[in-house]
Amino acid sequence: MAKDVIIACDFSSKEKTIEFLDKFEGRKPFVKIGMELFYAAGPDIVREIKARGHKIFLDLKLHDIPNTVKKAMSVLSHLDVDMTNLHAAGTINMMKAAIEGLTREDGTRPILIAVTQLTSTDQESMENDLLIKEPIDQVVMHYAKCAKEAGLDGVVCSPLEAEKVHNSCGSNFVTVTPGVRFADGDKGDQKRVMTPAEARKIGSDYIVVGRPITAAEDPVAAYNRCVKEFLGE
Ligand code: C5P
């Protein structure tokens, strides 16, 4: 199983993103492009970063009727991203359609992972707004199992859930975990955090790290530290 550090490039423009990536000179980190940058800069930002030699996790969290998701996934797959995602709440049928759309003519496809419940959703909002009454950790595990049943490769989850996901869905089921902070760093708005070294110990496959790298005085040094702690390199 490939393990890697993914930098969340939460920048508002193409220029700011390229300026940031230029700092890495020869090194080509795996990067996450989210909704803000994708909607601001369009698919060209994906093509440009790919052409520079980076792997890309396109974090657009698709959720629509199966046919629409299938067609949208086909577009993303031809953009040649390496990883993308959707909401498991779209149902197993939607997730199966997503895989069909994502699979290229030669049978290859990007890694596809599911969002279970967003970390911004808590028990109260899930019960009151979504009318889901079960305990949230059970809901998260159920959604992870549905993603596995649909044939997806893994889930986005808190580092604290990674072990449980591996226990119930198998060690090959990929866990992609945001909420990573250095032991001596600022937590920002993340509440439940782990260090890269702890994330490695509990078996996270990919950690997604934004501000501890993007807002660091020396982003390259912060990235190298992250890689060293997480991959033991
Ligand atoms: O800056 P920071 O390290 O907190 O960035 C984490 C990244 O992971 C952001 O792009 C954020 O949107 C994303 N994310 C998260 N928590 C989730 C899902 C995604 O922090 N549950």
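Not measured: the values here are computed from a predicted model. Indexing begins at 1, ligand by ligand and atom by atom, following the structure's order.
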Student: With a sphere of 6.0 Å drawn around NZ of Lys201, does it hold more than 12 non-hydrogen atoms of other residues, nucleotides or ligands?
Tutor: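 Atom NZ in Lys201 is not crowded, with 12 or fewer foreign heavy atoms closer than 6.0 Å.
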Student: Could you tell me whether a side-chain N or O of Gln138 sits under 3.5 Å from a main-chain N or O of Pro135, the two making a donor and an acceptor?
Tutor: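 Here the side-chain-to-backbone pair does not exist.
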Student: Tell me whether Lys28 is salt-bridged to Asp82, with the criterion being a basic N under 4.0 Å from an acidic carboxylate O.
Tutor: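 Salt bridge between Lys28 and Asp82, a charged N being under 4.0 Å from a carboxylate O: no.
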Student: Can you name the closest pair of heavy atoms from Ala147 and Val155 and give their distance?
Tutor: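 The pair with the smallest heavy-atom distance is CB-CG1, 4.5 Å.
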Student: Going by distance alone, is a donor N or O of one side chain under 3.5 Å from an acceptor N or O of the other, for Thr91 and Asn93?
Tutor: no
Student: Is it the case that Arg27 places NZ or CZ above or below the six-membered ring of Tyr223, under 6.0 angstrom from the centre and within 45 degrees of the axis?
Tutor: no
Student: As a test of reading the model: which residues have a non-hydrogen atom less than 4.0 Å away from ligand 1?
Tutor: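 Residues Ala8, Asp10, Lys32, Thr119, Pro178, Arg181, Gln190, Val208, Val209, Gly210, Arg211, Pro212 each place a heavy atom under 4.0 Å from ligand 1, listed by chain and number.
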